[in-house]
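Each chain gets a letter, A, B and so on, in the order the sequences are listed, and its residues count up from 1.
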Amino acid sequence: MDKQSFWVPWQTLAEGHGFSLISLKETLLGGQCFDWKTLTETHWRGKLVSTAFECRWEENTIQWRHPRAQIISPQVVENYFWLDDTYKDAVDELPWRSDPVLQKSLNYFSGMRILRQPIDETLFNFLLSSAKSIPQIQSIGDAVCKEYGKKLFDGVYSFPGWEKLAEVPEADLRSLKLGYRAKYVAKTARFIANEPAWLDYIKAESYEEAKNELLRLPGVGEKVADCVLLFGGNFMEAFPMDTWIEKSLEKRYFLKEWKTSQKIHFARIHFGNFAGLAQQFLFSAERLGILDKE
DNA sequence: CTCCAGGAGATAT
DNA sequence: ATATCTCCTGGA
């Protein structure tokens, strides 16, 4: 095939999206998603569901393209990036008016989104996340996709799906360096393969019901369940309490003596229905050291 | 060499 | 309920 015609021409995302270069970069690479690799400081390659995908930042616009052979509609892209009006309503509902820490985070990462990722792949990635850094999670996730998924582009492989993973022996996953997480993936795969519609079904339940269902899976505790619900299930009230956020709440909100369960309660009350969105801003601000700057 | 990372599960209290 | 230990791997 002619190399020039592999990708469709660049398309420009509708204006008014509100992203900045900083917030777009953090949205793609900040740890909610492990699908993106940096080509240049303003150009990224990854996948969107089961198509290879590239986007770049060009003079305050976002441009994107995909291979000619892998169809994807603008509506799917707009949904993935949460471009509808519910985003600014969600941000407006956060308590930034009375919370200078949140206000500073929102201001620095203005436009940052929770991506709407497929729940099956989201569950997979966060089963791998325990005691791993972002690059390590990406690395072992890639290894599994490369071994059992479809090739979408050089270095880009699709998530194989749980039915496929259900056929893979735990030992084979261990050889891909998953460590003790191999058991989580193998057992969860067999659970879901027995009931393929299970993940879609819990997306239609309430947050509490869906979380209780997810907690039945091996390798899914409170934190991973909330990540799956927030990033893969569009449950904006989910508040993943990882070590970064816990330390942040202790330091910025003076909850040093509070227990984890009490901190979660505080977050629910204080941040409200879009607590998960607030969490993402706080997490990024803490991770990149924004809150200690003037 | 030791230590611990965006945790979960098992065990003991 | 809460505390402690272990589990793979890799990087500091």
Verify salt bridge (Lys or Arg N to Asp or Glu O under 4.0 Å) between Asp99(A) and Lys104(A), making sure each step is shown before the conclusion. CA-CA 9 Å; Asp99(A) 181 340; Lys104(A) 191 170 183 176; over 6 Å; no
Does a salt bridge link [X] with [Y], judged by any charged N lying under 4.0 Å from a carboxylate O?
X: Arg287(A); Y: Glu26(A); value: yes
X: Lys247(A); Y: Asp242(A); value: no
X: Arg65(A); Y: Glu54(A); value: yes

Taking atom C1' of dA8(B) as reference, at what distance in whole Å does atom NZ of Lys187(A) sit?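 It works out to 12 Å between those atoms.
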Assign the ring pair Phe153(A) / Trp7(A) to parallel, tilted or perpendicular, where the plane angle (0 to 90°) is split at 30° and 60°.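 Geometry flag for Trp7(A) against Phe153(A): tilted rings.
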Take the angle between the ring planes of Phe271(A) and Phe266(A) and call it parallel below 30°, perpendicular above 60°, tilted in between.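 Rings of Phe271(A) and Phe266(A): perpendicular, over 60°.
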What's the spacing between Leu24(A) CG and Met112(A) CE if we round to 0.5 Å?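 Leu24(A) atom CG to Met112(A) atom CE measures 11.5 Å (nearest 0.5 Å).
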With [atom1] as the reference atom in both, quote the distance from [N] to [M] in angstrom, rounded to an integer.
N: dA8(B); M: dG11(C); atom1: C1'; answer: 22 Å
N: dG6(B); M: dT2(C); atom1: P; answer: 25 Å
N: dT11(B); M: dC8(C); atom1: P; answer: 15 Å

So which atom in [X] and which in [Y] form the shortest heavy-atom distance, rounded to 0.1 Å?
X: Leu102(A); Y: Tyr253(A); answer: N-OH, 3.9 Å
X: His17(A); Y: Thr61(A); answer: NE2-CA, 4.3 Å
X: Ala193(A); Y: Glu163(A); answer: CB-CA, 4.3 Å
X: Phe274(A); Y: Glu93(A); answer: CE1-OE1, 3.4 Å
X: Ala278(A); Y: Leu94(A); answer: CB-CD2, 4.0 Å

DNA chain B contacts among [range], heavy-atom distance under 4.0 Å:
range: residues 272-287 of chain A; result: Phe283(A)
range: residues 118-148 of chain A; result: Phe126(A), Ser130(A), Ala131(A), Lys132(A), Ser133(A), Ile134(A)
range: residues 239-256 of chain A; result: Asp242(A), Thr243(A), Trp244(A)

Chain A footprint on DNA chain C, 5' to 3' - any atom under 4.0 Å from a heavy atom: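 Here the contact window of chain A covers dT2(C) to dG10(C).
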Criterion salt bridge (Lys or Arg N to Asp or Glu O under 4.0 Å) on Arg45(A) and Asp154(A), from CA distance to verdict: CA-CA 10 Å; Arg45(A) 178 183 297 146; Asp154(A) 292 330; over 6 Å; no
Which residue pairs satisfy the ring-ring contact (aromatic ring centres under 6.0 Å, His included) criterion with at least one member in residues 98-118 of chain A, sequence neighbours excluded?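 Sorted pair list comes back empty.
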What parts of residues 171-179 of chain A reach DNA chain C, counting only heavy atoms under 4.0 Å away?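 Residues of residues 171-179 of chain A that come under 4.0 Å of DNA chain C are, in numerical order, Arg174(A), Lys177(A), Gly179(A).
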Over all strands shown, is Lys183(A) touching base, sugar-phosphate only, or nothing at heavy-atom distances under 4.0 angstrom?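 Result for Lys183(A) = nothing.
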Mark yes or no: Arg113(A) above the aromatic ring of Tyr87(A), with NZ or CZ under 6.0 Å from the six-membered ring centre and no more than 45 degrees from the axis.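 Cation-pi check for Arg113(A) and Tyr87(A): passes.
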Verdict with reasoning, Phe126(A) to Phe231(A), per ring pair (Phe, Tyr, Trp, His ring centres under 6.0 Å): CA-CA 10 Å; Phe126(A) 283 96; Phe231(A) 303 131; 5.5 Å; yes
Could you tell me whether Trp198(A) and Phe191(A) have their ring centroids closer than 6.0 angstrom?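 That pair passes the under 6.0 Å test.
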By salt bridge (charged side-chain N to carboxylate O under 4.0 Å, His left out) - contacts of Arg56(A) (at least two apart):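 Counting only residues at least two positions away or on another chain, Arg56(A) forms no salt bridge (charged side-chain N to carboxylate O under 4.0 Å, His left out).
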Only distances under 3.5 Å count here; give the side-chain donor-acceptor pairs of residues 220-230 of chain A to other protein atoms, sequence neighbours excluded, each with its distance to 0.1 Å.
unit_1	atom_1	unit_2	atom_2	d
Glu222(A)	OE1	Lys211(A)	NZ	2.9
Asp226(A)	OD1	Tyr207(A)	OH	2.5
Asp226(A)	OD1	Lys211(A)	NZ	3.4
Asp226(A)	OD2	Lys211(A)	NZ	3.0

base_contact_polar (dG7(B) base, Lys223(A) side chain, donor-acceptor, <3.5 Å):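 Under the 3.5 Å cut-off, the side chain and the base do not form any donor-acceptor pair.
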Does Lys164(A) have any side chain to side chain contact (heavy atoms under 4.5 Å, CB included) partners at least two apart in sequence or in another chain, and if so, which?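 For Lys164(A), the residues satisfying side chain to side chain contact (heavy atoms under 4.5 Å, CB included) (neighbours in sequence not counted) are Tyr148(A), Pro160(A), Glu167(A).
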Look for any protein N or O under 3.5 Å of an N or O in nucleotides 9-11 of chain B and output each such pair with its distance, or none.
unit_1	atom_1	unit_2	atom_2	d
dG9(B)	OP1	Gly219(A)	N	2.6

Could you provide the dot-bracket string of DNA chain B, using ( ) for intrastrand pairs, [ ] for crossing pairs and | for bases paired to another strand, with Watson-Crick or G-U pairs below 3.5 Å? .||||.|||||||
Validation: residues 114-125 of chain A side-chain donor-acceptor distances under 3.5 Å, sequence neighbours left out:
unit_1	atom_1	unit_2	atom_2	d
Arg116(A)	NH1	Asn79(A)	O	3.3
Arg116(A)	NH1	Asn79(A)	OD1	3.2
Arg116(A)	NH1	Asp84(A)	OD1	3.1
Arg116(A)	NH2	Asp84(A)	OD1	3.3
Gln117(A)	NE2	Gln32(A)	O	2.8
Thr122(A)	OG1	Pro118(A)	O	2.7

